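Structure, as structure tokens:
From a predicted model like this one, the values you see are computed outputs, not experimental measurements. The figures that follow rest on heavy atoms only: side chains count, while hydrogens, waters and symmetry mates do not.
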Number of protein chains: 2
Amino acid sequence: METTTTVREQILDHAVTLIMLRGYNGFSYRDLSSLVGVKTSSIHYYFPSKDDLVLEAVNEYSKEVLNAVHAIDPSLPADAKLSKYTKMFGRTLGDGNQICLCGMLAADIESLPENIRHAVQAFFKANENWLAKVLAQGAQEKTLAVNGKPESAARALYAAFQGSVLASRLFHTRARLEDVEASVRTTR
Amino acid sequence: METTTTVREQILDHAVTLIMLRGYNGFSYRDLSSLVGVKTSSIHYYFPSKDDLVLEAVNEYSKEVLNAVHAIDPSLPADAKLSKYTKMFGRTLGDGNQICLCGMLAADIESLPENIRHAVQAFFKANENWLAKVLAQGAQEKTLAVNGKPESAARALYAAFQGSVLASRLFHTRARLEDVEASVRTTR
DNA sequence: GTCTATACCCCGATAGAC
DNA sequence: GTCTATCGGGGTATAGAC
């Protein structure tokens, strides 16, 4: 039983990986061409402009990651949910040289059109909203330390995850994500 | 009384700004050429390769920022130190479209040589070390909430600052840095 | 759909006159 | 030190044959 992968899907998947590795200005149609095995003009057939390609990459990435986040069992205690979230964030590192696609595009945002900015913002907000609920639950269960409003703490926590995956790659270590999780766990 | 600025300094200053705006792959010798008013070949005279230029930009930026950090009065209470640090981090935003130069280069790190990676790592570590001391002091003074070891908490906190300046620019708001500061302040 | 061919511009970098 | 001129290559994108 073979899994059929269309050329279009291959292009999109490699684009996602390349953006997570080198960012918007760091990859080209030529890179994709050699990875997929079609000419650059064929890529333009599916994605007329680079911005079209990147927007679809954001949407594919968002859909996948948010599915994984929302698949975390809602009946779990808050600290267990956070552990799963940390693990999931660690998976974005791949072989250790990738960061979150939306974190990367946030760094490149001044080179990008408004529709991509909105897509990246939506991804950030979805993560922050989910974390806010977990923090509120964790405060009630007294397993997570929340200072100030959960919404504010969630924005800070999500920023910490984004920053820590950046630092994890910079220092060639996966440990920095755990620093973030530890920083909100109540000391016993 | 005129402040003399050499061509070399002008190039370096504009390079710093451009990297904070668009990143390593997002600016060119041509951009600098039109900003400074000399030909690109003259820029090569001062900085033979782009990597030479970027390394010096990191060093200049690091020197300036770390001077500002270490200029924070050591006799202040920990929460006051953190307030000053937050304000200083907010200044990197500039007109609202810049992020920390070393955070940006951390995103671009897979396109950069090892010597630049080391310089960026050193900047991260210097900030984390300073924050670790502040957190230890704040824990003792019971003004800052520290979970786990101060070193680990400092890495998480610095990641949060890096991530929040990214989000501040993404959402066109300066408020996100304050979320980070609030997240470590003890609720009274 | 995929290709060849090409347009048009930008890139970093260098040689050599002044 | 700064310039003109240029090299060799890479960038996105398009036209048109198959």
Side-chain angles (χ1 to χ4, degrees), chain A residues 2-58 104-105 107-117, chain B residues 2-58 104-105 107-117:
Chain A
E2 309 226 351
T3 309
T4 313
T5 315
T6 67
V7 169
R8 195 193 144 90
E9 286 167 342
Q10 289 181 61
I11 295 167
L12 209 44
D13 286 350
H14 278 112
V16 167
T17 301
L18 282 174
I19 295 170
M20 293 170 77
L21 187 68
R22 282 191 241 121
Y24 177 77
N25 292 306
F27 84 101
S28 68
Y29 274 56
R30 187 185 250 208
D31 295 329
L32 289 169
S33 168
S34 64
L35 282 168
V36 178
V38 297
K39 298 296 174 181
T40 61
S41 51
S42 299
I43 304 176
H44 280 286
Y45 169 78
Y46 294 104
F47 307 97
S49 81
K50 197 177 180 182
D51 289 343
D52 295 327
L53 171 59
V54 172
L55 181 60
E56 292 218 44
V58 176
M104 179 63 92
L105 292 183
D108 292 334
I109 204 70
E110 296 297 319
S111 307
L112 296 166
E114 275 304 291
N115 56 354
I116 295 181
R117 185 189 286 260
Chain B
E2 309 226 351
T3 310
T4 313
T5 315
T6 67
V7 169
R8 195 192 143 87
E9 287 167 341
Q10 287 181 62
I11 295 168
L12 208 44
D13 287 350
H14 279 112
V16 168
T17 303
L18 282 174
I19 294 169
M20 294 170 77
L21 187 68
R22 281 189 241 122
Y24 177 77
N25 292 305
F27 84 100
S28 68
Y29 275 55
R30 187 189 247 205
D31 295 329
L32 289 168
S33 168
S34 64
L35 283 168
V36 178
V38 296
K39 298 296 173 182
T40 61
S41 51
S42 299
I43 303 176
H44 279 287
Y45 170 77
Y46 294 104
F47 308 97
S49 80
K50 197 178 181 182
D51 288 343
D52 295 327
L53 172 59
V54 171
L55 181 61
E56 292 219 44
V58 176
M104 179 64 91
L105 292 183
D108 292 334
I109 205 70
E110 296 296 321
S111 308
L112 296 166
E114 276 303 292
N115 57 355
I116 295 182
R117 185 189 287 257

Enumerate all atom pairs, one protein N or O and one N or O from nucleotides 1-4 of chain C, separated by less than 3.5 Å.
unit_1: dT2(C); atom_1: OP2; unit_2: Y46(A); atom_2: OH; d: 2.5
unit_1: dC3(C); atom_1: OP2; unit_2: K39(A); atom_2: N; d: 2.8
unit_1: dC3(C); atom_1: OP2; unit_2: S42(A); atom_2: OG; d: 3.0
unit_1: dT4(C); atom_1: O4; unit_2: S41(A); atom_2: OG; d: 2.9

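- Atom CG in N25(A) sits roughly 11 Å away from atom P in dC11(C) (whole-Å rounding).
- Under a 3.5 Å cut-off, the side chain of Y29(B) and the backbone N or O of S49(B) do form a donor-acceptor pair.
- Using a 4.5 Å cut-off on side-chain heavy atoms (C-beta onward), L53(B) and I11(B) make contact.
- Looking at heavy atoms from C-beta onward, Y46(B) lies out of side-chain contact with L12(B) at the 4.5 angstrom threshold.
- For R22(B), the salt bridge (charged side-chain N to carboxylate O under 4.0 Å, His left out) partners are D31(B), not counting sequence neighbours.
- Every residue meeting the side chain to side chain donor-acceptor pair (under 3.5 Å) condition with R8(B), not counting sequence neighbours, appears here in chain and number order: E56(B).
- Scanning for salt bridge (charged side-chain N to carboxylate O under 4.0 Å, His left out) contacts around D52(A) gives an empty result, with sequence neighbours left out.
- Checked against salt bridge (charged side-chain N to carboxylate O under 4.0 Å, His left out), E110(B) has the following partners two or more places apart in sequence or in another chain: R117(B).
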Between the protein and nucleotides 6-11 of chain D, which nitrogen or oxygen pairs come in under 3.5 angstrom?
unit_1: dG10(D); atom_1: OP2; unit_2: R30(A); atom_2: NH1; d: 3.1
unit_1: dG11(D); atom_1: OP1; unit_2: S28(A); atom_2: OG; d: 3.3
unit_1: dG11(D); atom_1: OP2; unit_2: S28(A); atom_2: OG; d: 3.3

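- Here dC11(C) presents its C1' atom at 13 Å from CG of L32(B), a figure rounded to the nearest Å.
- A donor-acceptor contact shorter than 3.5 Å links the side chain of D108(A) to the backbone of Y24(A).
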